[in-house]
Amino acid sequence: MNMMNFPAFTMPENSDALPISERCDSNLARVLAAGEFAVTGELGPPKGHDPEEVRSKARLLLDCVDAANVTDNQAAVVRMSSIAAGQLMMDEGVEPIIQMTCRDRNRLAMQADLLGAYALGLRNLLCLSGDHQSCGNHPGAKNVHDIDSMQFLRMMKEMRDESRFQCGEEIPGGGPRFLIGGAANPFADPAEWRPYRLAKKAIAGADFVQTQLVYDMDRFREYMKRAVDMGVAEQLKIIAGVGPLKSAGMARVMRDRIPGMSVPDAIIDRMTAAVAGIDTENKPERSAAWRAEGIKICIEQVQEIREIEGVAGVHIMGIEWEEAVRPIADAAGLLPRPVIEA
Amino acid sequence: MIVAEQKPLNEIKSMLKGYNKVLAVGCGTCVAVCFAGGKQEVGLLSASLRMSTDLDGEAVNVDEAIVQRQCEKEYNAPLEAELEQYDAILSLGCGVGVQSLAQQFPGKRILPALNTKFMGYPAEHGVWEDRCQGCGNCVLHLTGGVCPVSRCPKSLFNGPCGGSQDGICEVNQEAECAWHVICENQLKLGLFDEMMEVQPAKDWSSARDGGHRRIVREDVRIPDEEKA
């Protein structure tokens with residue numbers, strides 16, 4: 001793989017930008033504006049219409065995160081709408097971050113649904129391109145991609161800060177004042193491009209980003225150093241993604257099969273060693289040992305990440321394992337969560 | 001050029017069910033160059049159909065013809081005299097060719113033998129790649145001569161997504177990440193600054209989204225009174 005030589009880049013000044021807490025009145029915005037180390041979680045809506053499935057997952061996250069993502073047909077598999085699930089979650093007292101992809105909606109549907117989401121009281125938004133439909137359960141679907149994630153961020157910024165629809169028309173009564181987020185992958189290729197893409201997201205309109213799962217701490221430190229040197233971290237709240245591993249096999253799949261993921265061998269060795277001496281037939285005990293080690297590694301990672309300059313918080317992804325978030329946040333010294341009055 | 005590939009034989013056979021005599025018509029332009037619908041392919045397909053339908057006990061009589069450019073009516077005109085004897089025409093033209101025959105010979109059943117895929121580039125002998133979707137609003141000057149509309153599965157305009165690894169696209173392990181190549185090209189051209197500009201939402205009205213497209217060039221149009 002040839003290394004690419006990118007020219008030097010410094011973020012343009014953005015001195016007239018409003019402070020984050022004035023851009024949006026969400027809890028997450030207040031926590032980030034106060035300079036507190038933020039904690040976000042994630043809730044995957046069910047592949048059905050049972051509201052209790054959302055409520056019970058939300059209760060697992062209550063009071064241990066500042067806000068939690070609600071995924072939008074994640075991995076291109078049809079699930080309950082992120083906006084509807086977000087409302088159910090909010091009713092349980094957990095602040096949602098609505099995820100929306102460019103895959104399933106054109107600019108008309110995006111703006112319409114987000115006006116509706118704002119009317120319901122949803123305040124945080126994560127703007128994504130979306131996994132390709134070929135990896136999901138409707139591979140024959142037509143994808144939309146009317147706009148890309150960068151253009152989505154710009155559209156939301158213009159709706160909020162200029163009260164204009166994407167077409168330029170004025171929004172009667174003003175635009176929705178979302179806290180605008182994006183995704184960032186420090187580990188995808190071209191590796192040299194990644195800090196630049198982060199800067200571009202800030203320029204496009206992101207207030208915060210959440211990163212891909214961080215297991216490779218050395219590469220993440222290097223990425224964050226570039227982000228700080230470019231002046232990006234001053235203008236953009238960077239929340240590092242972490243997640244507890246459930247088994248050594250899961251770690252290997254992430255390392256070998258998922259494009260844009262980096263899992264160092266040392267992590268795999270630790271997960272493998274966690275079940276040493278346990279009979280391979282004793283599945284419950286192996287699983288418990290793996291999960292305990294996964295949580296332990298995750299806690300250590302959160303503590304390491306807290307020390308990295310420019311990181312504004314952690315995004316703890318307990319994928320179909322929401323129970324893990326509370327013990328991780330607790331052991332990492334992140335509880336109780338701060339309460340900041342509006 | 002327009003790149004097409006032949007439909008599976010069984011699909012073509014199922015279209016021919018109930019017909020006794022069929023004319024297979026190839027095209028000597030794009031689909032001949034990509035070995036899908038030229039003279040040789042018409043011969044091979046016709047022979048396969050004859051043998052296969054005969055073995056099935058439902059023999060279809062398939063005759064062969066080739067026109068130089070099936071998308072232009074002047075080239076198709078000589079076919080007209082023979083058409084009465086055929087129940088249907090099996091076109092080995094691209095989608096434009098099939099529709100030209102259908103428009104020119106109304107009342108005659110026209111069947112497509114090919115799937116038209118894209119406007120493509122022969123990457124090597126026997127390999128063709130999508131290069132253009134005819135969006136009607138070219139951005140190649142901004143993207144290092146690489147089209148993100150046709151070559152990125154998400155048609156991204158602002159750089160590679162998080163699934164690019166080792167220069168390969170996450171959607172297709174056989175395909176280059178178009179944005180990886182765009183990054184390399186823009187750097188070589190000293191045009192990296194352009195990559196940091198947020199490209200605005202594309203106006204898709206010049207593409208299919210804007211309605212059926214038609215180009216009218218008055219300067220080359222033939223006045224009604226001069227038309228034959």
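Per chain, numbering begins at 1; letters A, B, ... match sequence-line order.
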Subject >> Residue-level contacts of residues 202-209 of chain B with chain A, using a heavy-atom cutoff under 4.5 Å >> reply: B:K202, B:W204

Original post:
Under 6.0 Å from the CD atom of A:E170, do we count more than 12 heavy atoms belonging to anything else shown?
Top reply: no

Atom group of [X] that falls short of 4.5 Å from chain B, counting heavy atoms:
X	value
A:N5	backbone
A:L153	neither
A:Q166	side chain
A:M261	backbone
A:R107	side chain
A:F152	neither

**OP:** Please round to the nearest 0.5 Å and tell me the distance separating atom SG of B:C161 and atom CG of A:D148.
**Re:** 10.5 Å

Original post:
If you count heavy-atom pairs under 4.5 Å between each of B:V171, B:V198, B:N158 and chain A, which one has the most?
Top reply: B:N158

**OP:** For residues A:Y196 and B:F192, establish whether the separation of their ring centroids is below 6.0 Å.
**Re:** yes

Engaged part of [X] at the chain A interface, taking heavy atoms whose separation is under 4.5 Å:
X	result
B:L187	side chain
B:P200	backbone
B:E197	backbone

**OP:** Could you check if a side-chain atom of A:M4 sits within less than 4.5 angstrom of a side-chain atom of B:E184, using non-hydrogen atoms only?
**Re:** yes

**OP:** Considering only heavy atoms and a distance below 4.5 Å, find which of A:M155, A:Q151, A:H132 pairs most often with chain B.
**Re:** A:Q151

Subject >> Option that, when pairs with chain B are counted at under 4.5 Å, heavy atom only, ranks first among A:S134, A:P7, A:S129 >> reply: A:P7

**OP:** Heavy atoms only: give me the nearest A:P259-B:G163 pair and the separation to one decimal.
**Re:** CB-O, 3.6 Å

